[in-house]
Number of protein chains: 2
Amino acid sequence: MKKILLVEDDPNLGLLLQDYLQLKGKFEVVLCKDGEEGLRAFTKQPFDLLILDVMMPRKDGFTLGKEIRKINEHVPIIFATAKGMIEDKTQAFNLGGDDYITKPFRIEELLLRINALLKRASSADKSEEEKQTHFKIGRYDFDYTAQMISAGDFHQKLSTKEAELLRLLCLRKNEVLTREEALLNIWHDDNYFNGRSMDVFLSKIRKYLKDDQNVEIINVHGRGYKLLIN
Amino acid sequence: MKKILLVEDDPNLGLLLQDYLQLKGKFEVVLCKDGEEGLRAFTKQPFDLLILDVMMPRKDGFTLGKEIRKINEHVPIIFATAKGMIEDKTQAFNLGGDDYITKPFRIEELLLRINALLKRASSADKSEEEKQTHFKIGRYDFDYTAQMISAGDFHQKLSTKEAELLRLLCLRKNEVLTREEALLNIWHDDNYFNGRSMDVFLSKIRKYLKDDQNVEIINVHGRGYKLLIN
DNA sequence: CGCCCGATTTAACAATTTTTAACATATCGC
DNA sequence: GCGATATGTTAAAAATTGTTAAATCGGGCG
């Protein structure tokens with residue numbers, strides 16, 4: 001669960017945002033009522049994203065942002081600013097891949113930006129291997145994004161779960177993909193029923209790949225599966 | 001190159017403006033001589049900006065503007081009005097971020113406002129990613145502001161919701177646009193009926209794009225949609 | 001006002017995807 | 001080999017999505 005630091009001096013707005021982001025956004029939100037408090041919170045625990053009100057007593061949002069940048073170069077920041085304050089000041093920050101939003105704003109709009117920034121941040125630190133979307137499986141080509149297996153003019157569309165499972169197998173090809181890893185990755189919960197569901201998908205995927213004798217998904221009893229190629 | 005629709009009944013002024021804007025402004029300018037003709041042109045092809053004379057026979061500029069706003073919420077409009085006509089009437093429009101200019105005006109003044117509006121439309125207070133208004137979708141061009149899909153001389157007008165949904169898909173192309181994100185963004189409320197409504201729009205958009213085999217909107221079961229290009 | 005029109009929503013039904021259930025088979029420790 | 005557990009396969013049930021048509025809404029116009 002992602003953790004957000006929200007620094008906003010207006011308690012009405014602050015609490016509203018906190019509630020909304022916790023409920024709708026499924027985030028853990030720490031609320032601070034001024035810049036000083038915000039800085040203390042930031043030094044004490046890690047956050048995935050910061051939302052800083054610009055107009056605040058004691059320490060304004062831009063100042064706080066600059067201080068935080070000295071401690072952490074990468075954490076994404078969203079500045080909430082009144083109209084007109086934008087042009088000059090934000091320039092300093094826009095380089096860092098941060099964002100700003102002008103008050104008043106729709107709360108859905110804020111959620112959108114949060115997700116966009118978090119996504120950008122997380123895709124940046126994904127390992128090369130996890131970005132791979134095309135796989136060669138014997139004589140088949142598997143396009144994870146398009147959810148499609150092809151071989152010559154043969155095309156087989158895959159459902160989302162089929163594609164996700166096959167992708168994990170490919171990433172671990174010739175090694176064991178544990179049932180637990182697959183379940184946590186795709187179903188986000190390792191329980192009996194999800195396990196049985198996965199078995200059904202394994203069965204389907206094997207059917208799709210049955211025409212190439214050099215491709216096989218074998219079971220490693222009690223541990224998981226291995227995609228063997230050649 | 002930006003495309004402007006100019007609706008002006010005085011042929012002298014109309015041709016003069018058209019020439020000037022094409023030469024100095026580097027715009028493509030379509031000239032219509034009354035409101036009816038203007039509305040027809042607007043529904044047939046995409047425009048980045050409209051200049052409407054207010055005093056016109058058959059259908060005046062304000063009426064035309066209102067009708068156009070019904071079909072398209074976003075395209076920027078400049079009204080050319082005689083002195084004194086301004087205060088009351090324009091109020092209805094000023095909300096939409098439109099502009100007006102009083103006749104007689106210096107032509108440089110008009111050019112200035114055009115550029116200001118175009119810039120505002122594209123940069124307002126939005127984050128980098130959200131500024132984009134033109135998208136290439138396979139062999140189609142999608143103009144979000146004009147709410148129009150084009151390919152060669154084929155033009156398909158989109159409703160507001162259609163355009164917003166397609167825009168979100170474009171912003172996330174080849175990635176998942178979650179149902180929740182789309183619903184919060186466009187409907188501002190994620191519930192069963194809005195979800196079903198969205199499904200209907202998806203279906204429509206797929207029809208518009210069906211003639212390019214390289215373009216596909218696939219479902220990611222339980223999560224959302226992916227716009228695949230190539 | 002009542003009518004028309006297009007945009008959107010609601011409803012109905014079809015198709016697809018995923019889960020659950022049922023039963024068959026395999027593996028392991030003993 | 002035997003019982004317990006794990007896996008393979010198929011089919012039915014449940015949930016989600018696709019599509020089409022009808023109902024509704026709201027603005028313009030006579």
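Quick note: numbers below take in every heavy atom, side chains included, and nothing from hydrogens, waters or symmetry partners. Each chain gets a letter, A, B and so on, in the order its sequence line appears, and its residues count up from 1. Please read all numbers here as calculations on a predicted model, not as lab measurements.
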**Q** Per the side chain to side chain donor-acceptor pair (under 3.5 Å) rule, which among H155(B), K136(B), H134(B) passes with D141(B)?
**A**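 With D141(B) as partner, H155(B), K136(B), H134(B) yield a single side chain to side chain donor-acceptor pair (under 3.5 Å), made by K136(B).
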**Q** Would you say OH of Y192(B) has more than 12 non-hydrogen atoms from neighbouring residues, nucleotides or ligands within 6.0 angstrom?
**A**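 No.
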**Q** Could you tell me how far apart K59(B) (NZ) and dG28(D) (P) are, to the nearest whole angstrom?
**A**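 Distance check: K59(B) NZ to dG28(D) P gives 10 Å.
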**Q** Salt-bridged, K33(B) to D9(B), with N to O below 4.0 Å?
**A**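 Looking at K33(B) and D9(B), the cut-off is not met.
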**Q** Classify R196(A) by what it touches in the nucleic acid, base, sugar-phosphate, or nothing, heavy-atom distance under 4.0 Å.
**A**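 It contacts base atoms.
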**Q** Calculate the interatomic distance between I71(B) atom CD1 and dG26(D) atom C1'; express it in whole Å.
**A**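 Whole-Å distance recorded here is 15 Å.
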**Q** Round to a whole Å and report the spacing from CD of E180(B) to P of dT17(D).
**A**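 Roughly 13 Å, once rounded to whole Å.
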**Q** Can you establish whether the number of heavy atoms outside K131(A) located under 6.0 Å from its atom NZ is more than 12?
**A**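 Enclosed: over 12 neighbouring heavy atoms sit under 6.0 Å from NZ of K131(A).
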**Q** Is E67(B) touching bases, backbone alone, or none of the nucleic acid, heavy atoms closer than 4.0 Å?
**A**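 Sugar-phosphate contact only.
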**Q** Could you check whether atom CZ of R223(A) has more than 12 heavy atoms from other residues, nucleotides or ligands sitting under 6.0 Å from it?
**A**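 Counting other residues, nucleotides and ligands, CZ of R223(A) stays at 12 neighbours or fewer.
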**Q** What is the distance, to the nearest angstrom, from the CG atom on N219(A) to the P atom on dT9(D)?
**A**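 One finds 11 Å between P of dT9(D) and CG of N219(A), rounded.
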**Q** Tell me if the NZ atom of K59(B) is crowded by more than 12 foreign heavy atoms within 6.0 Å.
**A**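 Correct, the count exceeds 12.
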**Q** Should K157(A) and D143(A) count as an ion pair when the cut-off is N to O under 4.0 Å?
**A**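 No salt bridge links K157(A) with D143(A).
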**Q** Base, sugar-phosphate alone, or nothing: which one does S197(A) contact when heavy atoms must sit under 4.0 Å apart?
**A**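 Counting heavy atoms under 4.0 Å across all strands, the contact made by S197(A) includes a base.
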**Q** Rounded to the nearest angstrom, tell me the gap between atom NZ in K207(A) and atom C1' in dT10(D).
**A**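 The answer, rounded to whole Å, is 7 Å.
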**Q** Does any residue of residues 221-230 of chain A have a heavy atom under 4.0 Å from DNA chain D, and if so, which ones, in number order?
**A**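 Within residues 221-230 of chain A, the residues near DNA chain D are H221(A), G222(A), Y225(A).
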**Q** Just how large is the angle between the end axes of the helix from dC1(C)-dG30(D) to dC30(C)-dG1(D), five pairs per end, to 10 degrees?
**A**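 Here the helix ends are tilted 20° relative to one another.
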**Q** Is it true that R172(A) and E181(A) make a salt bridge, defined as a side-chain N closer than 4.0 Å to a carboxylate O?
**A**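 Looking at E181(A) together with R172(A), the answer is yes, because their closest N to O distance falls below 4.0 Å.
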**Q** How would you give the extent of chain A contacts on DNA chain C, as first and last nucleotide 5' to 3' within a 4.0 Å heavy-atom cut-off?
**A**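 Result: dT17(C) to dC28(C).
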**Q** Quick one: label L202(B) by what it contacts on the DNA or RNA (base, sugar-phosphate, nothing), any heavy atom closer than 4.0 Å.
**A**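 Touches nothing.
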**Q** Treating K226(B) as the side-chain partner and T145(A) as the backbone partner, does any N or O pair qualify as donor plus acceptor under 3.5 Å?
**A**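 Yes; judged by distance alone, with no hydrogens or angles, the pair exists.
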**Q** Identify, between V200(B) and V220(B), the residue whose nearest nucleotide on DNA chain D lies closer to the 5' end.
**A**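 Of the two residues, V220(B) wins.
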**Q** Write down the distance between CE (M198(A)) and C1' (dT7(D)), rounded to a whole number of angstrom.
**A**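 That distance rounds to 10 Å.
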**Q** So what does D199(A) touch, heavy atoms closer than 4.0 Å: a base, only the sugar-phosphate, or nothing?
**A**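 Counting heavy atoms under 4.0 Å across all strands, the contact made by D199(A) includes a base.
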**Q** Would you say that more than 12 heavy atoms from the other residues, nucleotides or ligands in this model lie under 6.0 Å from the NZ of K3(B), or not?
**A**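 Yes.
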**Q** Check whether any side-chain nitrogen or oxygen of K204(B) sits under 4.0 Å from OP1 or OP2 of dG18(D), and answer yes or no.
**A**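 For dG18(D), neither OP1 nor OP2 has a side-chain N or O of K204(B) closer than 4.0 Å.
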**Q** Take atom CG of N72(B) and atom C1' of dG27(D), then tell me their distance rounded to the nearest Å.
**A**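 Value for this atom pair: 16 Å.
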**Q** Measure up the F142(A) and F135(A) rings against each other and bin them: parallel (under 30°), tilted (30 to 60°), perpendicular (over 60°).
**A**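 Correct class here is parallel.
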**Q** Does a side-chain N or O of K210(B) approach OP1 or OP2 of dT19(D) to a distance below 4.0 Å, or not?
**A**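 For dT19(D), OP1/OP2 do not have a side-chain N/O of K210(B) under 4.0 Å.
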**Q** Measure from CD1 on I217(A) to P on dT7(D) and round the result to the nearest Å.
**A**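 Taking atom P of dT7(D) as the reference, CD1 of I217(A) is at 14 Å.
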**Q** For F62(B) and F79(B), run ring pair (Phe, Tyr, Trp, His ring centres under 6.0 Å): C-alpha distance rounded to whole Å, both residues' side-chain angles, the deciding distance at 0.1 Å, then the answer.
**A** CA-CA 8 Å; F62(B) 282 129; F79(B) 294 97; 5.0 Å; yes
